[in-house]
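A quick note: this is a predicted structure, and the numbers were derived from the prediction, not measured.
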Amino acid sequence: MISEIIAGNTVDAVEHLFGQKIDKHLLQIEKTNRDYEGDFTLIVFPLLRIAKKSPEETARLIGDYLTAHCDEIKGYNVIKGFLNLAVSDNYWIEFFKNNIADEKYGIAKTKKPGTVVLEYSSPNTNKPLHLGHVRNNLLGFSLGEILKANGKKVIRVNLINDRGIHICKSMLAWMKWGEGETPEKSQLKGDQLVGKYYVLFDKKHKEQIADLVHRGFTDDDAYANAPVMKEAKELLSKWENADEETLEIWHTMNNWAYQGFETTYKRLGVAFDEVNYESKVYLDGKRLVLEGLDQGIFYRKEDSSVWADLKSEGLDEKLLLRSDGTSVYITQDIGTAERRYEAYSPEKMIYVVGNEQIYHFDVLKNILKKLGRKWADNIVHLSYGMVELPHGRMKSREGTVVDADDLMDEMYNTAKMTTEELGKTEGFSKEESVQLYEMLGQGALKYYMLKVDPKKNMLFNPEESIDFNGNTGPFIQYTHARIQSILRKSEQSPQNLVAEIDYDSINILPVEKELLIHLAGFPEVLQNAGDQYSPATLANYIYELAKLFNHYYQDTPILKRIDEKTATFRVLLSWFTGNVIRNGMALLGIKVPQKM
RNA sequence: GGUCGCGUAGCUCAGCUGGAUAGAGCAGCAGCCUUCUAAGCUGCGGGUCACAGGUUCGAAUCCUGUCGCGAUCACCA
């Protein structure tokens with residue numbers, strides 16, 4: 001890395017000039033601002049105390065030293081306390097030479113030690129996936145890819161919530177009013193069908209509540225005493241007592257939901273290494289809680305419920321086992337965390353879960369620590385923000401939920417319309433067109449969601465469909481397609497060009513240097529994206545790269561109207577850029593087309 | 001009420017491990033296809049970085065407080 005080289009030499013410079021050995025991290029080196037001459041800038045203010053000279057003079061002295069002693073630095077200028085350094089073209093040509101043949105430039109070639117368990121998606125089987133799940137899935141999948149590209153071993157886990165009162169609601173509604181409807185009979189996706197009965201339950205429940213309130217019940221009493229709610233609770237207790245008929249219906253409806261999810265996951269391009277079902281693991285953790293109780297870490301109340309006291313940690317008391325001895329949500333998470341630790345000894349356990357559960361994970365970590373699990377510190381809650389609609393949050397009750405399947409259909413249609421208007425699919429077969437529309441629709445959707453910092457809430461306006469121009473997925477996909485078009489027109493394959501290029505003959509233009517500098521930054525960006533769990537960092541990097549390339553493409557002939565040696569270099573630089581765009585987009589879960 | 005997060009252009013967002021005159025896209029306006037794909041490129045207008053203090057040579061960025069928005073504090077998950 002060039003900034004490492006500059007830093008190392010500056011340390012020498014400071015020692016030589018001012019007689020003091022400084023730590024490299026004291027130095028601030030950044031890319032030179034566009035408005036100034038130079039490539040990289042050393043900010044000398046922090047060195048003034050050592051230099052005991054004016055900013056300008058300090059900068060000049062260091063500049064002189066670097067120019068004389070460092071081959072990579074060919075000149076400098078000083079503005080106030082900013083030492084703007086010009087890096088020699090040779091350095092960038094070397095960089096190009098060293099990496100051009102590597103089609104997977106920046107992607108880790110070998111596994112480093114360290115396993116990461118990454119949980120994401122985690123749907124409920126009572127309703128289909130919506131926009132919020134889409135953000136979760138895209139984030140989780142992309143983060144997994146990014147970590148793998150950083151050399152980590154990643155275990156992607158989906159923990160499906162297939163039990164509890166909400167599933168019983170769907171089941172009850174189906175039993176009462178379903179008339180034996182199946183996905184096959186009504187040609188409905190399984191998860192949509194189950195969701196339909198969940199909505200139906202809610203509707204009936206509301207009617208009954210209104211009726212009870214009308215007859216003088218309070219809202220709360222009406223809620224709990226509505227006949228359908230009582231029946232749903234009975235159904236839950238039947239489920240817990242392993243009633244055969246109930247289990248069978250439960251199995252059937254869950255399978256419908258799983259099959260529906262499978263379809264959605266496949267279309268969205270997300271995948272998992274392991275699927276856990278809550279019904280199988282929800283009893284885990286009880287053993288640990290009882291162990292903690294024995295050791296006096298937790299305590300039992302008169303009604304025999306078990307609690308953790310986290311007041312000294314700034315939290316509250318937390319219920320761990322109900323008075324009837326059954327587990328609650330957090331009990332299960334204690335158990336699954338322990339299981340994952342024992343199975344994989346991961347260096348991190350990442351949970352992609354909405355920011356509404358920050359408190360939950362805070363509690364979870366503290367409880368595990370109380371139990372002496374030091375690895376609790378390795379738990380990371382990647383808490384992402386809500387996806388909001390112009391009117392606020394999505395409310396299933398108000399019918400403002402944006403369904404994942406519908407959304408993908410809409411994206412496909414928008415892609416189709418836009419592409420046809422532009423007449424871009426002339427000469428495409430039917431199948432190729434369909435593939436392209438899907439690729440563009442998915443690209444638009446995924447990039448739209450991933451370019452935003454995960455921790456921030458984001459707005460989705462269904463009225464204005466997702467854009468295809470500007471800072472968007474299709475813009476980047478288009479840039480890739482343009483590059484491929486050049487490569488197709490080149491008489492030789494990139495691999496052949498690499499074999500015959502004469503590096504000594506290369507003269508690089510300022511735009512080309514900009515591209516090379518940006519390309520050189522890819523590994524660092526990838527690392528940061530992994531360290532900060534932020535696909536957005538990567539997304540924004542790729543956008544910058546695509547923008548730079550389009551600017552280059554606009555007024556620099558790459559293949560035609562130039563001599564062969566220049567063309568060789570430019571085609572290869574385009575190829576390099578295309579590879580980084582493709583690989584980077586793949587880490588976001590986005591495919592790029594050859595033509596569009 | 002306690003805790004946590006967010007507040008940057010009309011809109012959607014970058015920038016936040018402190019550095020030069022705060023950036024993109026969309027929307028608006030004006031240009032660029034007899035040359036490699038115009039889903040592109042160039043230019044113009046648009047800002048009290050919520051507000052007030054503080055730390056610093058230097059603050060959108062760090063600290064404190066205020067305001068606004070949101071989340072959370074279940075024998076729900």
Side-chain angles (χ1 to χ4, degrees), chain A residues 25 28 30 32-36 41 43-46 48-49 55 79-82 84 122 124 161 163-166 278 282 301 303 305-307 314-316 318-324 326-330 332-333 354-360 362-363 383 385-386 388 392-393 415 418-419 421-422 424 440 444 448 451-453 455-461 464 467-479 481-490 528 532 536-537 539-540 543-544 546-547 549-562 567 570-571 574 595-596:
Chain A
H25 301 285
Q28 291 181 48
E30 16 196 275
T32 300
N33 203 306
R34 261 185 118 64
D35 307 332
Y36 301 89
T41 296
I43 295 155
V44 300
F45 290 110
L48 297 184
R49 267 187 314 145
I79 295 168
K80 292 189 280 181
F82 298 91
N84 300 318
S122 309
N124 293 344
N161 180 355
R163 60 166 283 278
I165 187 74
H166 41 284
E278 274 199 30
Y282 82 107
K301 288 191 178 174
D303 65 2
S305 55
V306 178
W307 296 74
L315 303 167
D316 212 333
K318 182 71 189 176
L319 177 88
L320 300 177
L321 291 175
R322 295 192 185 96
S323 46
D324 63 7
T326 57
S327 300
V328 290
Y329 181 53
I330 197 145
Q332 163 188 309
D333 266 353
N355 60 13
E356 71 235 340
Q357 293 197 34
I358 290 176
Y359 182 79
H360 170 78
D362 220 3
V363 169
S383 82
M386 300 287 104
E388 290 170 339
R393 294 183 71 176
T418 312
T419 308
E421 268 170 31
L422 292 167
K424 294 278 187 174
L440 297 182
Y448 181 85
K451 75 174 174 182
V452 180
D453 183 346
K455 72 173 185 242
K456 289 191 176 172
N457 287 359
M458 62 178 293
L459 188 101
F460 176 80
N461 190 346
E464 309 164 8
D467 234 303
F468 280 56
N469 299 315
N471 187 358
T472 66
F475 167 83
I476 297 166
Q477 290 170 316
Y478 177 67
T479 310
R482 278 182 142 181
I483 291 171
Q484 301 316 306
S485 172
I486 292 171
L487 296 176
R488 276 193 301 275
K489 287 186 171 139
S490 168
N528 285 344
Q532 296 161 25
T537 306
N540 286 302
Y543 171 61
E544 285 301 324
K547 220 166 34 153
F549 185 82
N550 276 308
H551 174 67
Y552 176 49
Y553 179 92
Q554 188 68 25
D555 39 35
T556 313
I558 290 169
L559 186 60
K560 300 187 172 171
R561 306 185 304 285
I562 46 172
R570 291 182 181 176
V571 169
S574 305
K595 291 188 222 171
M596 69 181 269

Hey, which sits more toward the 5' end of RNA chain B by its nearest nucleotide, Tyr478(A) or Gln28(A)?
Gln28(A)
Is any side-chain N or O of Arg488(A) closer than 4.0 Å to OP1 or OP2 of rC36(B)?
no
If only side-chain N and O atoms of Arg322(A) are considered, is one of them under 4.0 Å from the OP1 or OP2 phosphate oxygen of rC76(B)?
yes
When you compare the side chain of Val363(A) with that of Ile330(A), does any pair of heavy atoms fall below 4.5 Å?
yes
Compare the ring of Phe82(A) with the six-membered ring in the base of rA20(B) and state whether they stack (centres under 5.5 Å, planes under 30°).
yes
Please name the nucleotide paired to rU66(B) by Watson-Crick or G-U wobble geometry with both distances under 3.5 Å, or report none.
rA50(B)
Pair partner, rA71(B) [Watson-Crick or wobble, under 3.5 Å]
rU3(B)
Check every atom of rU35(B), rA20(B), rU12(B) against the side chain of Thr32(A) and return the nucleotide holding the closest atom.
rA20(B)
Answer with base, sugar-phosphate or nothing: what part of the nucleic acid does Asn528(A) contact at a heavy-atom distance below 4.0 Å?
nothing
Note, Ile476(A) side chain near Tyr543(A) side chain (heavy atom, < 4.5 Å):
yes
Quick one: is Arg482(A) getting a side-chain N or O under 4.0 Å of the rA39(B) phosphate, OP1 or OP2?
no
Contact class for Ile43(A) (heavy atom, under 4.0 Å): base, sugar-phosphate, or nothing?
base
What is the separation between atom CD on Gln554(A) and atom P on rU37(B), rounded to the nearest whole Å?
12 Å
For the pair made of CG in Asn469(A) and P in rU37(B), what is the distance, rounded to whole Å?
19 Å
How many whole angstroms separate atom OH of Tyr543(A) from atom P of rA14(B)?
14 Å
With the side chain defined as heavy atoms from C-beta on, Thr418(A) is closest, among rU42(B), rU37(B), rA39(B), to rA39(B)
Along RNA chain B (nearest heavy atom to each residue), the more 5'-positioned of Thr41(A) and His551(A):
Thr41(A)
Measure CD1/Ile558(A) against P/rG40(B) and give the value in whole Å, please.
17 Å
As a test of reading the structure: which of rA77(B), rC36(B), rA20(B) is closest to the side chain of Lys560(A), going by heavy atoms?
rC36(B)
From the set rA39(B), rA14(B), rU42(B), return the single nucleotide nearest to any side-chain atom of Val452(A).
rA14(B)
Taking 4.0 Å as the cut-off, does a side-chain nitrogen or oxygen of Lys424(A) come that near to OP1 or OP2 on rA39(B)?
yes
Answer yes or no as to whether rG19(B) has its base stacked against Phe45(A), where stacking requires a ring-centre separation under 5.5 angstrom and planes under 30 degrees apart.
yes
Could you please name the option among rA39(B), rA77(B), rG19(B) that lies closest to any side-chain atom of Glu30(A)?
rG19(B)
Regarding Leu440(A), tell me which of base, sugar-phosphate or nothing describes its non-hydrogen contacts under 4.0 Å with the strands shown.
base
Students often get this wrong, so: under 4.0 angstrom with heavy atoms, is Ser574(A) touching a base, only sugar-phosphate, or nothing?
nothing
Please name the nucleotide paired to rC29(B) by Watson-Crick or G-U wobble geometry with both distances under 3.5 Å, or report none.
rG43(B)
Check this for me: does the side-chain of Thr472(A) come within 3.5 Å of the base of rA39(B) through a donor and an acceptor?
no
Do Asp333(A) side-chain and rA77(B) base share a donor-acceptor contact under 3.5 Å?
no
Measure distances between side-chain N and O atoms of Thr419(A) and base N and O atoms of rA39(B), and say whether any donor-acceptor pair falls under 3.5 Å.
yes
Atom-to-atom span, OH of Tyr282(A) to P of rA77(B) - whole angstrom:
11 Å
Select base, sugar-phosphate, or nothing to describe what Thr556(A) touches, counting heavy atoms under 4.0 Å on all strands.
base
Between CG of Leu459(A) and P of rG10(B) the distance, given in whole Å, is 17 Å
Counting side-chain heavy atoms from C-beta on, which of rA38(B), rA20(B), rA14(B) comes nearest to Tyr553(A)?
rA38(B)
Who pairs with Ser305(A) by side chain to side chain contact (heavy atoms under 4.5 Å, CB included), at least two apart in sequence or on another chain?
Lys301(A), Asp303(A), Trp307(A), Leu319(A), Ser323(A)
Applying the Watson-Crick and G-U wobble criteria at under 3.5 Å, what pairs with rU55(B)? Answer none if nothing qualifies.
none
Once each nucleotide of nucleotides 2-9 of chain B is scored for protein heavy atoms under 4.0 Å, what B/S/- sequence comes out, 5' to 3'?
----SS--
Atom CG of Asp453(A) and atom P of rU61(B): how far apart are they, to the nearest Å?
17 Å
Measuring from the side chain of Tyr36(A) (C-beta onward, heavy atoms only), which nucleotide among rA77(B), rC41(B), rA20(B) has the closest atom?
rA20(B)
Partners passing side chain to side chain contact (heavy atoms under 4.5 Å, CB included) against Ile79(A) (at least two apart in sequence or in another chain):
Tyr36(A), Asn77(A), Asn84(A)
Between CE of Met386(A) and P of rG70(B) the distance, given in whole Å, is 14 Å
Of the candidate nucleotides rC26(B), rA39(B), rA77(B), which contains the atom at the shortest distance from the side chain of Asp467(A)?
rC26(B)
Phosphate oxygens OP1/OP2 of rG40(B): is one of them under 4.0 Å from a side-chain N or O of Lys547(A)?
no
Regarding the side chain of Arg163(A), the nearest nucleotide among rU21(B), rC36(B), rA77(B) is rA77(B)
Would rC29(B) be called syn or anti, given that syn covers angles within 90° of 0?
anti
